[in-house]
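Single-structure report; data block below.
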Number of protein chains: 2
Amino acid sequence: MTATPSPRRDGRTTDTRRRAQAVALELFATRGFEATSLQDIARELGVTKAALYYHFPAKADLARSVFQPFIDDVDRTLAELSGRTLPRQDVLTAYVQALLPHRAVLAAMLRDPGAAADLDLEGASRRWLAALADLLAEPATTPSSRTRVRTAVAVGGLTRALVLPEVEDPDVLADAVAAAVRVLAP
Amino acid sequence: MTATPSPRRDGRTTDTRRRAQAVALELFATRGFEATSLQDIARELGVTKAALYYHFPAKADLARSVFQPFIDDVDRTLAELSGRTLPRQDVLTAYVQALLPHRAVLAAMLRDPGAAADLDLEGASRRWLAALADLLAEPATTPSSRTRVRTAVAVGGLTRALVLPEVEDPDVLADAVAAAVRVLAP
DNA sequence: GTCTATAAAATGATAGAC
DNA sequence: GTCTATCATTTTATAGAC
């Protein structure tokens with residue numbers, strides 16, 4: 001009995017699989033999901049389309065493998081925060097720290113929020129904004145439209161700024177968070 | 001000599017042409033440009049693909065006719081502001097007032113910033129941010145990375161908030177602008 | 001794990017009748 | 001102005017050899 005031809009073995013991910021994810025991420029971020037064909041990815045990778053289908057059953061699965069860890073990570077972070085009462089600064093800091101390791105994926109998400117429809121990146125976005133609106137609102141109040149819009153300004157602005165190279169400097173990032181907190185001040 | 005079969009006559013735009021733009025805008029905003037086929041637009045419109053090609057020489061031209069007036073409008077507004085020294089509140093107010101009549105197009109732009117590559121929506125976005133960074137910076141200074149990131153937070157946040165239904169209330173919008181100004185305060 | 005070959009469908013676009 | 005019919009190309013995806 002020799003090893004199965006399965007793409008994974010003992011948790012080890014094949015090199016081509018990982019490289020395909022990296023190439024796909026880069027192309028999704030620059031052209032968007034629909035505008036990126038498996039042909040494009042395979043060419044950049046130096047293999048044929050058929051080889052890609054060995055590693056991923058369909059194009060959507062490749063996309064999922066790229067975006068899902070990001071979505072799960074942010075969902076988990078916000079779930080841990082949920083219910084607690086924290087200073088706004090701490091809430092937004094936790095949010096940006098959760099996004100930070102996924103900046104490249106975030107860029108792809110901002111570039112094509114509707115990529116692979118069944119992934120529902122836009123739904124994730126809405127979910128995060130709603131969760132943050134709860135965490136940032138005055139306790140035991142229903143957020144007014146003013147508050148909802150201000151939250152969108154603060155969170156949307158911070159999220160957008162996260163793809164800038166400047167935020168690699170922790171001081172710059174901390175300054176941005178502090179500035180975003182001022183949006184929500186009464 | 002009868003009238004030419006040209007799609008325009010005396011500045012009057014045919015009804016199908018306008019309806020096609022409306023349908024295209026809606027589909028671009030929900031699915032993105034690449035994910036929207038002329039078939040989709042034609043079906044929604046109740047005509048055939050071929051009929052669309054009577055009104056627009058190519059898919060990219062249909063997209064251009066939808067996005068260009070928006071881009072030109074914002075470019076013009078920012079050009080008029082350029083050079084002048086205005087309070088930040090006034091700069092951001094002028095910006096949102098320029099975007100406001102084009103909210104549906106803005107939503108499509110945020111949904112698929114790379115739509116119709118030759119249109120360069122992303123370039124327009126970058127251009128606007130750069131122009132606003134100049135207008136919002138302390139006069140006669142080179143913006144620091146802190147300032148650049150803060151500008152991205154304020155402008156990016158405001159832009160994102162503009163697609164929310166809540167901003168139809170002028171008071172809510174004014175509050176959002178005032179809140180965004182606080183991001184840039186020293 | 002990667003290849004060649006190919007199927008099956010969809011897409012942007014054109015020609016020409018009405 | 002809209003239609004039917006068609007083309008060339010590209011796309012996702014599969015079969016099967018090595």
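Quick note on labels: first sequence line is chain A, next is B, and so on, each numbered from 1. Please read these numbers as outputs of a predicted model, since none were measured by experiment.
- Listed by chain and residue number, A:Phe28 satisfy the ring pair (Phe, Tyr, Trp, His ring centres under 6.0 Å) test with A:Phe33 (two or more places apart in sequence, or in another chain).
- The shortest non-hydrogen separation linking A:Ala180 to A:Leu92 is CB-CD1, 4.1 Å.
- In this structure, the side chain of A:Ser82 does not engage the main chain of A:Leu78 through any donor-acceptor pair within 3.5 Å.
- Around atom CZ of A:Arg111, more than 12 heavy atoms belonging to other residues, nucleotides or ligands sit under 6.0 Å away.
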Taking N or O atoms only and anything under 3.5 Å, show me the protein contacts with nucleotides 15-18 of chain C, one pair per line.
none

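- Nucleotide D:dG1 holds its C1' atom 15 Å from the CZ atom of B:Arg18, rounded to whole Å.
- Here the C1' atom of nucleotide C:dG12 and the CG atom of B:Leu52 are 12 Å apart, to the nearest Å.
- Non-hydrogen atoms lying under 4.0 Å from DNA chain D are contributed by nothing in residues 58-69 of chain B.
- Residues passing the salt bridge (charged side-chain N to carboxylate O under 4.0 Å, His left out) test with B:Arg182: none are found, sequence neighbours excluded.
- Put simply, B:Ser37 has a side-chain N or O that comes within less than 4.0 Å of OP1 or OP2 on C:dT11.
- Along DNA chain D, the nucleotide nearest A:Pro57 and the nucleotide nearest B:Ala51 are compared for position; the residue whose nucleotide lies closer to the 5' end is B:Ala51.
- In this structure, the NE2 atom of B:His55 is 6 Å from the C1' atom of D:dG1, given to the nearest Å.
- Take B:Ala42 and apply the side chain to side chain contact (heavy atoms under 4.5 Å, CB included) test, not counting sequence neighbours, and it matches B:Val47, B:Leu52.
- Residues meeting the ring pair (Phe, Tyr, Trp, His ring centres under 6.0 Å) test with B:Phe56, sequence neighbours left out: none.
- Spacing between atom CG of A:Leu38 and atom C1' of D:dA13 amounts to 9 Å, rounded to whole angstrom units.
- Ion pairing between a basic and an acidic side chain is recognised when a charged N comes within 4.0 Å of a carboxylate O; B:Glu166 and A:Arg146 show no such pairing.
- Residue pairs meeting the salt bridge (Lys or Arg N to Asp or Glu O under 4.0 Å) criterion with at least one partner in residues 31-46 of chain B, sequence neighbours excluded, are B:Arg31-B:Asp40, B:Asp40-B:Arg43.
- Partners of B:Arg19 according to the salt bridge (charged side-chain N to carboxylate O under 4.0 Å, His left out) rule, which considers only residues two or more places apart in sequence or in another chain, do not exist here.
- Here the closest heavy-atom approach between residue B:Ala185 and residue B:Arg150 is recorded as O-NH1, 2.7 Å.
- Less than 4.0 Å separates DNA chain C from no heavy atom of any residue of residues 22-35 of chain A.
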Please test A:Thr147 against A:Thr142 for side chain to side chain contact (heavy atoms under 4.5 Å, CB included), starting from the C-alpha separation and ending with a verdict.
CA-CA 9 Å; A:Thr147 305; A:Thr142 312; over 6 Å; no
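- Atom CD of B:Gln39 and atom P of D:dC3 are 12 Å apart (whole Å).
- When distances are taken from the side chain of B:Tyr53 to each of C:dA13, D:dC3, D:dT14, the shortest belongs to C:dA13.
- For residues 41-49 of chain B, proximity to DNA chain D is found at B:Val47, B:Thr48, defined as any non-hydrogen atom under 4.0 angstrom from a strand atom.
- Residue pairs satisfying the ring-ring contact (aromatic ring centres under 6.0 Å, His included) criterion with at least one member in residues 88-111 of chain A, sequence neighbours excluded, are listed as follows: A:Phe70-A:His102.
- Straight-line distance from the CZ atom of B:Phe56 to the P atom of C:dT14: 15 Å, rounded to whole Å.
- With sequence neighbours excluded, the residues forming a salt bridge (charged side-chain N to carboxylate O under 4.0 Å, His left out) with A:Glu138 are A:Arg88, listed by chain and number.
- Between the P atom of C:dT2 and the CZ atom of A:Arg17 lies a distance of 13 Å, rounded to the nearest Å.
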